[in-house]
*Asks:* 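Okay, here's the structure, questions in a sec.
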2 protein chains.
Amino acid sequence: MGRRPVPEETKQTLLDHFWKIYCEKPIEKITVREITDAAGFNRGTFYVYFTDVYNALQAIEDSILPGEEQFEEMIKDHHKGLDRHQSLEEFMDFYEQHGEKLQVLLGPNGDPTFVSRIKERVRRLLIPHSSELHKLNEKDRMKFEYMVEAEISSRLGIFTLWFSRGKDLPLEDLHQLVYDMEQKGSHQVGQEMLHRNDFR
Amino acid sequence: MGRRPVPEETKQTLLDHFWKIYCEKPIEKITVREITDAAGFNRGTFYVYFTDVYNALQAIEDSILPGEEQFEEMIKDHHKGLDRHQSLEEFMDFYEQHGEKLQVLLGPNGDPTFVSRIKERVRRLLIPHSSELHKLNEKDRMKFEYMVEAEISSRLGIFTLWFSRGKDLPLEDLHQLVYDMEQKGSHQVGQEMLHRNDFR
DNA sequence: CTTTATCCAACAACGTGTTGTATACTGGTT
DNA sequence: AACCAGTATACAACACGTTGTTGGATAAAG
């Protein structure tokens, strides 16, 4: 009885249980035995699919991180057509799609490596698009990179907080806020907010 | 021969060598023996001062993270007097002071816990200051928190990148860039940059 | 000569990654 | 149908290293 185990299923089962555990405790305290016990496999089986607990985490991260192609597609519009609205839209779609995982990976027990990889990839794909098109000088090219960094950091930070707070704000509002901040600057947005409240 | 060991010195020596190792490899691969061997102490001595490798890291983090009082002082001006220039100045002083450490702690092999602690603390101290003063409504109060999050994330991201690139830009330029972005929004700043380059 | 800080040795407990053998199911061949 | 090769996992045992702890020795300071 019990049908033949399928490798892909086994691997996925292991990942699923690993993830469940990872959500509740830092990775350095997770043992292989803990995972395989939960998943109902022999400890040795884990090593068939992963070299390491950290390797398992990487497998999950890889499944989230969009492939180069998909990423490129997603980013093409960003600074080219200057349609920032759509750029933000796509970013949020991405975040919505993998929200639960991203929340953990970017949270207190998350993986800094993953954050770096995301940023690195965005930079790699974003920079050539505009800097080549507009022939920025050296200094401005650097500044541009820092602006990209700021934007990613800011977006990731905001959405992570938003998720960790159980989406306490309608998506539209958050969208608008981020959009406004990128358009007008946080200072300006803050000022308007205060004035709006003064007049009520 | 050899003068009497002083506890504080020993502790610091251990921390120093731990840090040197931590800069070069992820913490999960650092053993107690590795640290004590490098520092020239017995392995047991480590456990006199720390419970754990992670505990040692925490000790370093605590020495960096400003105390509540100092932090409060540093932040008081931020959204109160609305003197953003000075606020940014203070932030950068803090970053300059602990630059090498922050670069590692916020980098790929860094500690997500530490990032959370910083953000949490800034939020805790920043929110009451303005939201009480200006009686924001519930929704705006939340938005305000997200704006704070965005600003911290953005600043930390930028400065970490800046450090990891060996400060490839004069501090003044970076300062100006961040200031501009917070005032006018990254989009606006980017636009101006492009136009400036068109006319040359 | 007492206190203090470190050394040293040894300990059990546990996690790691690996290996060899056994079992059981699958799909394809005859 | 019967058989066989391939595959996925089980199981057990291994050597090895790390952990955190302990009790006693050593050496310097006051």
Side-chain angles (χ1 to χ4, degrees), chain A residues 1-63 104 109-114, chain B residues 1-63 104 109-114:
Chain A
M1 60 168 185
R3 35 184 264 294
R4 187 195 192 149
V6 180
E8 270 312 309
E9 274 181 28
T10 304
K11 187 171 181 177
Q12 195 52 52
T13 307
L14 285 169
L15 283 179
D16 289 346
H17 283 90
F18 162 68
W19 182 255
K20 208 174 293 177
I21 299 170
Y22 180 62
C23 289
E24 287 168 1
K25 68 158 84 174
I27 191 168
E28 63 262 16
K29 290 188 180 171
I30 300 178
T31 67
V32 173
R33 166 153 280 124
E34 199 174 355
I35 299 168
T36 50
D37 279 359
F41 288 110
N42 186 275
R43 192 171 69 93
T45 306
F46 180 89
Y47 290 100
V48 176
Y49 299 100
F50 312 102
T51 67
D52 211 280
V53 179
Y54 294 91
N55 184 19
L57 180 59
Q58 257 219 340
I60 293 182
E61 294 178 351
D62 289 342
S63 75
V104 178
N109 285 340
D111 177 12
T113 296
F114 183 67
Chain B
M1 57 166 187
R3 38 183 261 295
R4 169 113 194 234
V6 181
E8 269 312 309
E9 274 181 29
T10 304
K11 185 170 182 177
Q12 195 52 50
T13 306
L14 286 171
L15 282 180
D16 289 346
H17 283 89
F18 162 67
W19 182 255
K20 209 174 293 181
I21 299 171
Y22 180 62
C23 289
E24 286 168 3
K25 67 158 85 174
I27 191 167
E28 63 264 16
K29 292 187 179 172
I30 300 178
T31 68
V32 174
R33 166 153 282 124
E34 199 175 354
I35 299 168
T36 50
D37 279 0
F41 288 109
N42 188 273
R43 192 171 67 91
T45 306
F46 180 89
Y47 290 101
V48 176
Y49 299 100
F50 312 102
T51 66
D52 211 284
V53 179
Y54 294 91
N55 184 20
L57 180 60
Q58 256 220 341
I60 292 183
E61 293 177 351
D62 289 344
S63 76
V104 178
N109 285 339
D111 178 12
T113 296
F114 182 67

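Each chain gets a letter, A, B and so on, in the order its sequence line appears, and its residues count up from 1. Computed from a predicted model, the values in this text were never measured in an experiment.
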*Asks:* Starting at atom CD of Glu9(B), determine the distance to atom P of dA28(D), rounded to an integer number of angstrom.
*Replies:* 16 Å
*Asks:* Using the salt bridge (charged side-chain N to carboxylate O under 4.0 Å, His left out) criterion, which residues pair with Asp62(B)? Sequence neighbours excluded.
*Replies:* Arg117(B)
*Asks:* With under 30° as parallel and over 60° as perpendicular, where do the rings of Phe18(A) and Tyr22(A) fit, or are they tilted in between?
*Replies:* parallel
*Asks:* For Phe50(A) and dT18(C), what is the distance between atoms CZ and P respectively, to the nearest whole Å?
*Replies:* 15 Å
*Asks:* If the sugar-phosphate is the primed atoms plus P, OP1 and OP2 and the base is the rest, what is the B/S/- string for nucleotides 16-23 of chain D, using protein heavy atoms under 4.0 Å?
*Replies:* --SBBB--
*Asks:* With a 4.0 Å cutoff (strictly under), does any side-chain N or O of Thr45(A) reach OP1 or OP2 of dA10(D)?
*Replies:* yes
*Asks:* For the pair made of CD1 in Ile35(A) and P in dG17(C), what is the distance, rounded to whole Å?
*Replies:* 11 Å
*Asks:* Which atom pairs, donor and acceptor, lie under 3.5 Å between side-chain atoms of residues 52-59 of chain B and protein residues at least two apart or in another chain?
*Replies:*
unit_1   : atom_1 : unit_2   : atom_2 : d
Asp52(B) : OD1    : Tyr54(B) : N      : 3.1
Asn55(B) : ND2    : Thr51(B) : OG1    : 3.3

*Asks:* Could you give the OH-to-P distance, from Tyr54(A) to dG15(C), as a whole number of Å?
*Replies:* 14 Å
*Asks:* Among pairs that include at least one residue of residues 27-43 of chain B, which meet salt bridge (charged side-chain N to carboxylate O under 4.0 Å, His left out), considering only residues two or more places apart or in two chains?
*Replies:* Lys25(B)-Glu34(B)
*Asks:* Asn42(A) has an atom CG; how far is it from atom P of dT23(C), in whole Å?
*Replies:* 15 Å
*Asks:* side-chain hydrogen bond (donor to acceptor under 3.5 Å, both in side chains) with Asn109(B): which residues, sequence neighbours excluded?
*Replies:* none
*Asks:* For Phe46(A) and dG15(C), what is the distance between atoms CZ and C1' respectively, to the nearest whole Å?
*Replies:* 13 Å
*Asks:* Thr45(B): what forms a side-chain contact (heavy atoms from CB on, under 4.5 Å) with it, not counting sequence neighbours?
*Replies:* Thr10(B), Phe41(B), Asn42(B), Tyr49(B)
